[in-house]
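Beneath this line is the structure, given in structure tokens, with notes to follow.
Model, not experiment: these values are computed from the prediction. Proteins get letters first, then strands, A, B, ... in listed order; numbering begins at 1 in each.
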2 protein chains.
Amino acid sequence: MTTLRAQKKRQTRKSILEAAIKLFTEKGFEQTSIEELAKVAGIGKATIYGYFATKQEIYLAFCEEEMDYVFRHMDEEVDPQAPLLEQIVALSMAQFDFVTANREFGRLFCREIAFPRESMADKSRELDARYLARVMEIIQRAQQRGELHEDADPLLALANFHAFYLLVISGWYGGYFATREMVATMLRALCRQSLIGWGEGDPGEVPDREIMDQIKAPFANLHLAEVDSQEDQE
Amino acid sequence: MTTLRAQKKRQTRKSILEAAIKLFTEKGFEQTSIEELAKVAGIGKATIYGYFATKQEIYLAFCEEEMDYVFRHMDEEVDPQAPLLEQIVALSMAQFDFVTANREFGRLFCREIAFPRESMADKSRELDARYLARVMEIIQRAQQRGELHEDADPLLALANFHAFYLLVISGWYGGYFATREMVATMLRALCRQSLIGWGEGDPGEVPDREIMDQIKAPFANLHLAEVDSQEDQE
DNA sequence: GGTCGAATTCGACCAGGGTCGAGACTGGTG
DNA sequence: CACCAGTCTCGACCCTGGTCGAATTCGACC
């Protein structure tokens with residue numbers, strides 16, 4: 001399918017994205033108008049809507065590009081043999097640094113990822129799936145090393161740590177944690193305490209098995225076969 | 001300061017809010033135009049901007065009104081002597097029900113509360129402070145009853161449970177948890193496991209004391225004197 | 001090479017959030 | 001009562017995200 005037509009289409013899409021990267025990075029999302037974007041991309045405004053349905057969608061595509069960079073960065077940052085706590089914190093903070101490199105940019109990003117509108121849900125799930133997969137790897141390795149209860153549910157652990165990430169970044173935007181250092185400390189404190197456990201005595205009955213299974217079904221592919229046969233994906 | 005002027009101003013604000021409640025409830029946020037709002041409130045469009053800087057701000061004021069209702073509901077829902085787990089789940093689910101009564105409405109709400117823009121941060125902190133205060137009460141009572149480690153940090157516990165709330169609601173919007181039941185189950189599972197603890201062995205060093213204190217400073221007023229001298233605020 | 005339908009492009013347009021500035025109202029002062 | 005300064009109000013306007021339909025381009029098939 002390398003007709004002239006398809007080629008051109010890809011080219012146009014690329015130039016929109018390039019314009020987006022340039023302008024969003026330079027002036028931010030809200031300050032960049034579609035018209036401007038079109039001009040820089042060298043096309044008409046309405047043409048853009050042949051490629052993206054909304055401005056937000058352009059934004060998500062833009063994020064996808066940026067993410068590639070972050071993930072490379074993450075791999076350098078995280079030592080797969082370090083204690084679970086350290087790995088989680090390192091990974092989360094790498095993500096945090098990316099997201100908050102530009103405050104407004106990150107807010108948009110978090111909003112779209114954490115509370116996507118229906119039409120974007122797929123896209124946004126896809127975006128953080130990559131991140132979640134990393135966390136899952138960390139958890140599974142940790143469990144194999146015996147850092148987590150043998151019978152702890154890895155998916156639940158994933159949710160647990162992801163929850164903490166959401167919390168600290170939300171806290172950062174809400175002004176509860178003013179500095180990066182506070183964010184990291186809070187994150188570490190939460191993870192640590194959750195490893196110890198909060199409670200005393202009987203924590204009550206086990207969650208309904210059937211529903212938990214329902215919840216888990218879509219994540220089946222996250223349990224990547226065997227973690228110990230690590231294939232570095234460079 | 002009950003001059004004619006001030007009176008009228010209050011009246012105008014009130015009629016804007018009334019129009020907002022009517023229209024937002026009837027047609028949703030995005031489907032309501034400022035112009036319409038103005039017409040229903042019986043004033044000019046530009047006048048609204050003398051009272052609220054942006055449409056979102058009107059929205060938050062609207063939410064504040066609605067919240068009153070929710071909080072009354074919550075008190076009926078939550079039994080202060082039930083196990084911690086049950087109380088947390090009941091409270092969170094009450095909040096969840098409120099927020100998701102209308103999907104679009106709730107998304108807006110979550111976005112503004114969890115990732116507020118600078119200009120709204122105060123307002124949005126104020127809005128969820130009331131909710132957080134309830135959670136804190138529950139935690140403190142539980143700790144007095146011995147359901148939490150004596151030396152567990154209540155504020156950290158608050159963050160912990162709030163994180164779970166954020167996670168499940170985000171998961172709901174992301175399409176990970178399709179039904180209310182799944183949300184509740186997930187929440188319960190997370191809370192439960194966090195009471196037991198995830199880990200085995202030494203969880204690493206304690207978080208930096210100084211930074212934790214910094215983080216906590218703004219919450220001083222949440223540690224409401226003594227919880228056992230409960231004054232019902234009807 | 002010619003022709004027709006589908007895909008692509010874009011100028012013109014619409015709707016809605018937000019601004020501006022001129023005028024109307026209030027209430028304090030001499 | 002006359003006047004002025006500050007406050008409110010609102011019609012007209014601007015800007016920008018998004019739509020529409022006509023014109024153009026492409027390429028499959030004769």
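If you check residues 111-119 of chain A against DNA chain D, you find no residue with a heavy atom closer than 4.0 Å. Taking a 4.0 Å limit (strictly below) on heavy-atom distances, residues 35-61 of chain B reaches DNA chain C at B:Lys45, B:Ala46, B:Tyr49, B:Thr54, B:Lys55.
Residues satisfying the salt bridge (charged side-chain N to carboxylate O under 4.0 Å, His left out) test with B:Glu26, not counting sequence neighbours, are B:Lys22. Listed by chain and number, the residues in a salt bridge (charged side-chain N to carboxylate O under 4.0 Å, His left out) with A:Glu30 amount to none (sequence neighbours excluded). In this structure, A:Phe52 has no ring-ring contact (aromatic ring centres under 6.0 Å, His included) partners at least two apart in sequence or on a different chain. Taking the side-chain hydrogen bond (donor to acceptor under 3.5 Å, both in side chains) definition, one finds that B:Glu126 meets it with nothing, sequence neighbours left out. In this structure A:Asp122 satisfies the side-chain hydrogen bond (donor to acceptor under 3.5 Å, both in side chains) test together with A:Arg125, sequence neighbours excluded. Scanning for side-chain hydrogen bond (donor to acceptor under 3.5 Å, both in side chains) contacts around B:Asp97 gives B:Arg180, with sequence neighbours left out. Partners of B:Lys14 by side-chain hydrogen bond (donor to acceptor under 3.5 Å, both in side chains), not counting sequence neighbours: none found.
Separating the NZ atom of B:Lys27 from the C1' atom of C:dG16 is a distance of 12 Å, rounded to the nearest angstrom. The CD-C1' distance, from A:Gln31 to C:dG17, rounds to 15 Å in whole Å. One atom, CD of B:Glu30, and another, P of D:dG18, lie 10 Å apart when rounded to the nearest Å. Between the CD atom of B:Gln11 and the P atom of D:dC8 there is a distance of 15 Å, given to the nearest Å. Taking atom CD1 on B:Ile16 and atom P on D:dT9, their separation rounds to 9 Å, with Å as the unit.
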Distance-only donor-acceptor pairs under 3.5 Å for side chains of residues 113-121 of chain B, two or more places apart:
{"residue": "B:Arg117", "atom": "NH2", "partner": "B:Glu112", "partner atom": "OE2", "Å": "3.2"}
{"residue": "B:Glu118", "atom": "OE1", "partner": "A:Arg107", "partner atom": "NH1", "Å": "2.9"}
{"residue": "B:Glu118", "atom": "OE1", "partner": "A:Arg107", "partner atom": "NH2", "Å": "3.4"}
{"residue": "B:Glu118", "atom": "OE2", "partner": "A:Arg103", "partner atom": "NE", "Å": "3.1"}

Mind listing the side-chain donor-acceptor pairs of residues 62-73 of chain A below 3.5 Å, one per line with the distance, residues two or more places apart or on another chain?
{"residue": "A:Glu64", "atom": "OE1", "partner": "A:Lys123", "partner atom": "NZ", "Å": "3.2"}
{"residue": "A:Asp68", "atom": "OD1", "partner": "A:Arg130", "partner atom": "NH1", "Å": "3.4"}
{"residue": "A:Asp68", "atom": "OD1", "partner": "A:Arg130", "partner atom": "NH2", "Å": "2.7"}

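The end-to-end axis angle of the helix from C:dG1-D:dC30 to C:dG30-D:dC1, rounded to 10 degrees and based on five pairs per end, is 10°.
Judged purely by atom type and a 3.5 angstrom limit, B:Ser194 uses its side chain to pair as donor or acceptor with the backbone of B:Cys191.
Taking the six-membered ring for Trp and the full ring otherwise, the centers of A:Tyr59 and A:Phe109 sit at least 6.0 Å from each other.
Between B:Thr12 and D:dC8, a side-chain N or O to OP1/OP2 separation shorter than 4.0 Å is absent.
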